[in-house]
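Keep in mind it's a predicted model, so treat the numbers as computed, not measured. Counting from 1, the numbers follow the sequence of the chain as shown.
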Amino acid sequence: MTSKIIINQWWRLKNYRLRTRLIITYILLTLVPMTILLYISYHQYMKSIEERVGEYIPKVLDQANSNIDKQMSELENLPELLYNSSQVLSILRKDSYLYQSNLHNDRFLVNSYLSRTYLTDKSPILGIFVWSKDRLFSSTKVFYSGFHKAPNFREAESIVLQNETDLAFQGKPPFFLMSKQIQDFENRKNIGTISLAVQLSFIGDILMEIKDQNKAEMWVMNQQGRVIYHTNHEQIGTVEDINQYPITNGSFTSYKNGERQLVSVSKSEKMNWTIVHRIPVKYLTVKAELVKDVTILFFAIIGLATVIISIFMAWDVSRPIHNLSNLMKNVEKGDFEVDLKVDSRDEIGILAQSFNSMVSKIRELIQQNYHIELRQKQAELYALQSQINPHFMYNTLETISMAVEEGEDDTVVEMVALLGGMMRFSLSNKNRIVAFNKEVEHIENYLTIQKYRFDERLDFHIQSDINLHHYYSPKFILQPIIENCIKHGLETRRRKLTIGIYIKKIQGTEDIIVSVQDDGTGINEETLEEINSLLKSDPIARRDSGFGLINVHARILMLFGEEYGLTVESRVKDGTVVMIRIPVIEGAEQIRKYERKEDPFYG
């Protein structure tokens, strides 16, 4: 199976260009092995770093847990200091007071003792509260609010987190309450509760010793996942999902927001608290990343230099063949004005000489055939342009004859003048491009003659948004369309026909639209579909199809290209709209572009 794959890949490689094959071969033999080696080395090194850090951090966390346990043991012994004062105990044993002044005096004594005993400068105690028989004795380092009710707990000792009590200190420092019942050992009964508000800064001080330049997150949580302390104080009191920690001591990797993290955990033996250290792996491998970047840069420079040398050599070997291939593609597209220049006399040089000779002969044959075909098309167009419909001439002369018999001398004179103008336009000007005003004047003469013939049954109007003397148009593009309008709109019915001709330049383009509209009988769907099919297929080959529209469309296509020509819209009994799209032609230079002076028909 492997050998077949190699053979298939090699066969596919043989279909590539010579230059490409040389470059690919070089990459496969040099760059690919070097890249694989660099990739494997880098990932092995990164894995080694993670393993070493993953072994080191839990040991440090164990030491931090030991320090926290030690500190907590000291804090648990602090309530015992209350028993050192017999005066305080006697005050707590009192059930009531006859005078309020006595209560104030006792409160002052107890508060003073609490302040002297617990609120030292280095102590993490924010405040101490003693509840006894609905009396509160307290002393704090800063102002506080809340804590209007003695804590209710079942065990002899209890730790209450900040979010579980209404107690709050000025400045909102993070803390937890350590509460313990006060026992009267002489009377064997409970005489109150002492609560120490312990500032969490002592945990922060311990953890900051191992926190890596503020890049890592560290927190302490209890067995239920409740966060007791967090380097981000806003997270204190939140609950972590214990199921996300598969081990209680050690390190593992996880992902947070798509970023790979190294998580280390350590659980204390005394408090059953767990310290968690989480840091993005990228911060552990900063130096490795620097070495990697420098190595990649060096590798890229060497690789780029060698690739350039390889490409230069491949280019030098394959350039003649590549040039020949490109020129052959140009010839395939119809460009025969090519010449392959090769100075060598090897096989490529002989091939280039044969190619140039072949293209030269093909070019000569095409030019000969092109001129023959072009002259034939010009002859056909000229014959089409020179044609005056005999039927139109007969009807016009008949109308003139009737006017003579009826003594309408003015009508006769005008019709003869109009007919003479049409004949002069048809025969005197043999150019294929004429001024728009000449084309419009010719069609206006034609419509005026037809109006004399059909009297009140025909009406027309011509509207233009452009300067007709400034722009140019192909000759005889309107008459065949107007003839269709009259033939199908008047000769087949008796009611009045109105023809409108609108000429305008399309905004934002270099095109002109001539729209011929009539309110005649329209074209049925079958005939309209046939006309549109002829317009879209090959109107040049089918210009003798019997539709005057096709002849006009074919001439416009031969002159300007496939993006120009006619479009027809019609509905039965709603008239027909024929739109002629041509490019803007202005100035002698553009006219020469479409007039072929070398042709004898335009001599």
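With hydrogens and angles disregarded, no donor-acceptor distance shorter than 3.5 Å links the side chain of T527 to the backbone of N524. Counting only distance, with no hydrogens or angles, the side chain of S570 and the backbone of G575 share a donor-acceptor pair below 3.5 Å. Here the side chain of N257 pairs no donor or acceptor atom with the backbone of E259 at under 3.5 angstrom.
In Q235, the CD atom is crowded: over 12 heavy atoms of neighbouring residues, nucleotides or ligands sit closer than 6.0 Å. By the 6.0 Å contact criterion, CG on D465 is enclosed, its count of non-hydrogen atoms from other residues, nucleotides or ligands being greater than 12. Surrounding NE2 of H461 are more than 12 heavy atoms belonging to other residues, nucleotides or ligands, all under 6.0 Å away.
Using a 4.5 Å heavy-atom threshold, the side chains of F454 and L497 count as separate. Two residues are said to be in side-chain contact when any heavy atoms from C-beta on lie closer than 4.5 Å; I501 and L447 meet this criterion. The shortest distance between side-chain heavy atoms of N532 and L535 falls below 4.5 Å. Looking at heavy atoms from C-beta onward, I481 lies in side-chain contact with I580 at the 4.5 angstrom threshold. Under the 4.5 Å side-chain criterion, counting only non-hydrogen atoms from C-beta, F560 is in contact with I585. Between E510 and K505, some side-chain heavy-atom pair lies under the 4.5 Å cut-off. Inter-residue side-chain proximity for T448 and F460 is flagged as met; some heavy-atom pair is nearer than 4.5 Å. In this structure, F436 and S464 have side chains that are not in contact, with every pair of non-hydrogen atoms separated by 4.5 Å or more.
E569 and T567 are not linked by any side-chain donor-acceptor pair at a separation below 3.5 angstrom, with hydrogens and angles left out of the test. Between E414 and Y452, the side chains place a donor N or O and an acceptor N or O closer than 3.5 Å (distance only, hydrogens not considered).
Closest of all the heavy-atom pairs between I550 and L534 is CD1-CB, 3.6 Å. Smallest separation of non-hydrogen atoms from S473 and E439: OG-CG, 4.4 Å. When all heavy atoms are compared, the tightest approach of M579 to S515 is CG-OG, 4.0 Å. Nearest approach of R581 to E563, heavy atoms of both residues: CD-O, 3.8 Å. Of all non-hydrogen atoms in D511 and P583, the two that sit nearest each other are OD1-CA, 3.9 Å. L458 and K496 get closest at one heavy-atom pair: N-CG, 4.4 Å.
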Contacts under 3.5 angstrom, residues 296-304 side chains, donor-acceptor by atom type, not counting sequence neighbours:
none

For this session: Kindly indicate, with the supporting measurements, whether the criterion side-chain contact (heavy atoms from CB on, under 4.5 Å) is fulfilled by Y471 and I503.
Result: CA-CA 11 Å; Y471 296 98; I503 306 170; over 6 Å; no

Exercise. Run the side-chain contact (heavy atoms from CB on, under 4.5 Å) check on Y446 and L478 step by step: do they pass?
Worked result: CA-CA 10 Å; Y446 173 83; L478 291 176; over 6 Å; no

Exercise. What's the verdict on side-chain contact (heavy atoms from CB on, under 4.5 Å) for E217 and H230, showing C-alpha distance, side-chain angles and the deciding distance?
Worked result: CA-CA 8 Å; E217 287 183 284; H230 199 291; 3.7 Å; yes

Exercise. Hey, mind stepping through R571 and E525 against side-chain contact (heavy atoms from CB on, under 4.5 Å) and telling me if it holds?
Worked result: CA-CA 8 Å; R571 293 180 61 183; E525 292 184 2; over 6 Å; no

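Between atom CD1 of residue I482 and atom CD of residue E444 there is a gap of 11.5 Å, rounded to the nearest 0.5 Å. The distance from the CG atom of L528 to the CD1 atom of I523 is 5.5 Å, given to the nearest 0.5 Å. Summarising the geometry, atom NE2 belonging to H470 is positioned 12.5 Å from atom CG belonging to N437; distances are rounded to the nearest 0.5 Å. Atom CD1 of I591 sits about 10.0 Å away from atom CD of E586, to the nearest 0.5 Å. Rounded to the nearest 0.5 angstrom, I582 CD1 and I512 CD1 are separated by 5.5 Å. Within the model, atoms CG of L549 and OG1 of T576 stand 9.5 Å from one another, a figure rounded to the nearest 0.5 Å.
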